[in-house]
Amino acid sequence: MAEPLPPDLIHALVSAEPRLAGFARLRYFPEVDSTNDIALQLAAAGAPAGTSVLADVQRAGRGRRGRAWFSPPGAGLYLSVVVRLPDAAATLPLLTLAVGVAVADAVSTTSGLPIELKWPNDLVIGRPWRKLGGLLCESTGTGAQVDAVVVGIGINLRQVAYPPEIAERATSIETELGRPIERAALVVETLARVRDAVDRLRNGEGDWVCHEWRRLGRAGLGGASVTWSEQGVAHRGAARDIDDRGALLVETNGRVERLIAGEVTWERLRD
Ligand code: BTN
């Protein structure tokens, strides 16, 4: 059941109203299975763009490639936003990059931390890379008939004991900064920047997305090693760039391969 917004969130949303417009439609749940599930239901029922869902804990938070997303109470930002774009199926790869830029910049602005992006949209920091957040885009509709996209945003806020399989690679804002930051401020900065990024895409500013993504993802694009599998065959190459539709360009055996979201495993960048 949705509950009234906590006072700190109301205050932060009201203060940022001019930057948020429709993206101030925030629904708050103390506990859910997944904020993406609720946002997908709302989107399917016709909820307008900018409708978003925030929870304190997720019982079944999910990440990319069918992985679980560790979502203990009060330790993370668990937020899902409904996005509507005219040609959503075609724009989806670029949309995920655009929202990655928005969220990375929101975390940097709110915390001062130098967040980087690892394609397609992991928020990482430091050497070796540690993951601080990630995005999961899911859509209503089928195939080319995408009706709405739900962008699920998970950011590790507090220092907690992570499950062993991610403990070595995960970090949080509190761990990196030495103190926690206010969730309400990060929620509002994130919503404002996601709104701006989506507006830019709607206005045909794909170049802006690529330029901003390269700014935050340039370390990996300097030749970091990636592996992927194609029809059961494993490949390895060096990441070089992204293209204007959001694909990763990888140099392998003297030619350039174009990879689309979700297939790639990165070696951790260490220096
Ligand atoms: C990733 O694998 O990196 C993506 C993680 C996305 C997690 C967020 S938390 C809010 C939303 N609800 C979910 O169940 N997943 C996303």
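Whatever order the structure lists them in is the order used to number ligands and atoms, beginning at 1. The structure displayed is predicted, hence computed values, not measured ones.
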Novice: Among protein heavy atoms, which lies nearest atom 10 (C) of ligand 1, and at what distance?
Specialist: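 Looking only at protein heavy atoms, the one closest to atom 10 (C) of ligand 1 is T35 OG1, 3.2 Å.
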
Novice: May I ask you to check whether over 12 heavy atoms, not counting those of D207, lie within 6.0 Å of atom CG?
Specialist: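 Atom CG in D207 is not crowded, with 12 or fewer foreign heavy atoms closer than 6.0 Å.
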
Novice: Give a yes or no on whether R218 atom CZ has more than 12 heavy-atom contacts from other residues, nucleotides or ligands under 6.0 Å away.
Specialist: no

Novice: Can you list the atoms of ligand 1 that are under 4.0 Å from a heavy atom of L79?
Specialist: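 What qualifies from ligand 1 is 10 (C).
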
Novice: So if I apply the side-chain hydrogen bond (donor to acceptor under 3.5 Å, both in side chains) rule between T171 and each of K131, R130, E176, which one comes out positive?
Specialist: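 Only one of K131, R130, E176 forms a side-chain hydrogen bond (donor to acceptor under 3.5 Å, both in side chains) with T171, namely E176.
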
Novice: Distance under 6.0 Å and angle within 45° of the ring axis: does R200 meet both against W208?
Specialist: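 Judged by the rule (NZ or CZ under 6.0 Å from the ring centre, within 45° of its axis), R200 counts as positioned above W208.
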
Novice: In terms of atom number and element, which parts of ligand 1 are under 4.0 angstrom from non-hydrogen atoms of R62?
Specialist: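 So the atoms of ligand 1 that pass are 6 (C), 7 (C), 13 (C), 14 (O), 15 (N), 16 (C).
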
Novice: Tell me whether K131 reaches ligand 1 (any heavy atom closer than 4.0 angstrom to a ligand atom).
Specialist: yes

Novice: Counting only heavy atoms closer than 4.0 Å, does ligand 1 sit against the backbone of N121, its side chain, both, or neither?
Specialist: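 For N121, there is no contact with ligand 1 at all, from either part.
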
Novice: Does R67 reach ligand 1, in the sense of a heavy atom lying below 4.0 Å from it?
Specialist: no

Novice: Could you tell me, atom by atom, which parts of ligand 1 come under 4.0 Å of a heavy atom of S34?
Specialist: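 Every atom of ligand 1 under 4.0 Å from some heavy atom of S34: 12 (N), 13 (C), 14 (O).
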
Novice: If you look at every heavy atom in R236 and S225, which pair is closest and at what distance?
Specialist: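 So the minimum-distance heavy-atom pair works out to NH1-OG, 3.0 Å.
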
